[in-house]
Amino acid sequence: MTGALVAGVLILSAVGSLLWAVPSKSDRRRADMRTHAMQSGLSVTTLTIPDTSTRGRIERRQRLVTAYKKRAPGASRAALPELLVLRTEGEHGYGLPEGWVWRESDFRLRGHQLQQLLEALDGLPNWVECFAVLSDGIAMAIEEYEGVTRVNELASLLGARADRLYEVIS
């Protein structure tokens, strides 16, 4: 009896370990999204952003997000400096529309550059969590649901904005 009980515990332990190592359905969906994004010409990168939840703001927490990046074409230059804006609730950063804040709260754009950023943010769906202008392209972190359909929508959003925010150096 004791031997059977020990054997049962060992078998359950081994099965539990295997099940823990197997990717979940949502892990497989995210992996499929990222693979499709890379096949569509996007890069997948990780960004460290401030946690804009109430608790995160109080404790000044940071969090990692997966961002999808559209690289700038060849020899090009960004029309804006490197920046990152985040979607949040109940507040907005200086010069930004309601629901968007600067990564660094004291960062500012003015005039034509601010107008370009506002045009880039205009019409972004609610599932876009952050928007970044980088030296080599633009990136967006999104809610990773709806699989390949979401990646296709994101690729068109990034493409349209990259065309407006980068100029080719001749």
Side-chain angles (χ1 to χ4, degrees), residues 16-17 19-72 78-109 113-114 116-162 164-166:
S17 297
L19 289 176
W20 180 75
V22 173
S24 68
K25 187 176 180 180
S26 62
D27 290 338
R28 288 191 302 270
R29 183 189 70 247
R30 282 191 294 270
D32 289 344
M33 287 177 70
R34 294 169 187 170
T35 300
H36 181 71
M38 288 185 276
Q39 291 169 344
S40 301
L42 301 178
S43 299
V44 179
T45 188
T46 303
L47 299 174
T48 303
I49 63 171
D51 183 349
T52 57
S53 68
T54 304
R55 191 79 180 156
R57 284 186 233 154
I58 292 169
E59 296 178 2
R60 299 195 186 283
R61 290 184 186 165
Q62 300 282 316
R63 64 186 180 107
L64 294 174
V65 294
T66 300
Y68 296 83
K69 179 169 61 173
K70 171 81 172 167
R71 293 193 179 277
L80 299 175
E82 286 195 25
L83 62 89
L84 190 138
V85 292
L86 308 155
R87 193 175 294 275
T88 188
E89 292 183 20
E91 65 176 328
H92 64 280
Y94 179 80
L96 294 176
E98 183 72 29
W100 290 96
V101 294
W102 301 103
R103 173 194 227 164
E104 297 88 16
S105 58
D106 59 343
F107 188 87
R108 301 283 186 271
L109 285 181
Q113 287 184 329
L114 179 60
Q116 284 184 299
L117 177 62
L118 294 176
E119 288 173 11
L121 294 177
D122 186 43
L124 286 181
N126 289 336
W127 44 263
V128 175
E129 294 182 24
C130 80
F131 179 83
V133 176
L134 307 169
S135 61
D136 63 341
I138 60 170
M140 292 183 200
I142 64 170
E143 295 172 358
E144 292 183 300
Y145 302 115
E146 299 194 24
V148 173
T149 304
R150 178 66 44 93
V151 173
N152 292 335
E153 292 173 31
L154 179 63
S156 68
L157 287 172
L158 286 168
R161 281 150 179 85
R164 290 186 295 207
L165 293 176
Y166 289 86

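We count residues from 1, following the sequence as given. What's counted below: heavy atoms across the whole structure, side chains too, no hydrogens, waters or symmetry copies. This is a predicted model, so every value here is computed, not measured.
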Gap separating the CD atom of Gln113 from the CZ atom of Arg108, nearest 0.5 angstrom | 14.5 Å

Kindly write out the residues that satisfy side chain to side chain contact (heavy atoms under 4.5 Å, CB included) with Glu153, not counting sequence neighbours, or none if the list is empty.
-> Trp127, Thr149, Arg150

Ala155: what forms a side chain to side chain contact (heavy atoms under 4.5 Å, CB included) with it, not counting sequence neighbours?
-> Leu42

Just how far is it from atom CD of Glu129 to atom OG1 of Thr66, taken to the nearest 0.5 Å?
-> 9.5 Å

Minimal non-hydrogen separation, Phe131 against Trp100, with atom names | N-CZ3, 4.3 Å

With rounding to the nearest 0.5 Å, note down the distance linking OG1 in Thr88 to CD in Glu98.
-> 9.5 Å

At their closest point, which heavy atom of Arg34 faces which heavy atom of Val44, and how far apart are they?
-> O-CG2, 4.0 Å

Rounded distance [0.5 Å steps], CG in Leu124 versus CD1 in Ile142 | 11.5 Å

Measuring from Leu157:CG to Tyr68:OH, what's the distance to the nearest 0.5 Å?
-> 13.5 Å

Kindly write out the residues that satisfy side chain to side chain contact (heavy atoms under 4.5 Å, CB included) with Ser43, not counting sequence neighbours, or none if the list is empty.
-> Lys69, Arg71

Rounded to the nearest 0.5 Å, what's the gap from CG on Leu47 to CE on Met140? Could you check?
-> 12.5 Å

Presence of salt bridge, Glu143 and Arg87, under 4.0 angstrom | no

Any Val148 side-chain heavy atom under 4.5 Å of Asp32 side chain = no

Would you mind reporting whether Leu96 and Leu117 have side-chain heavy atoms less than 4.5 Å apart?
-> yes

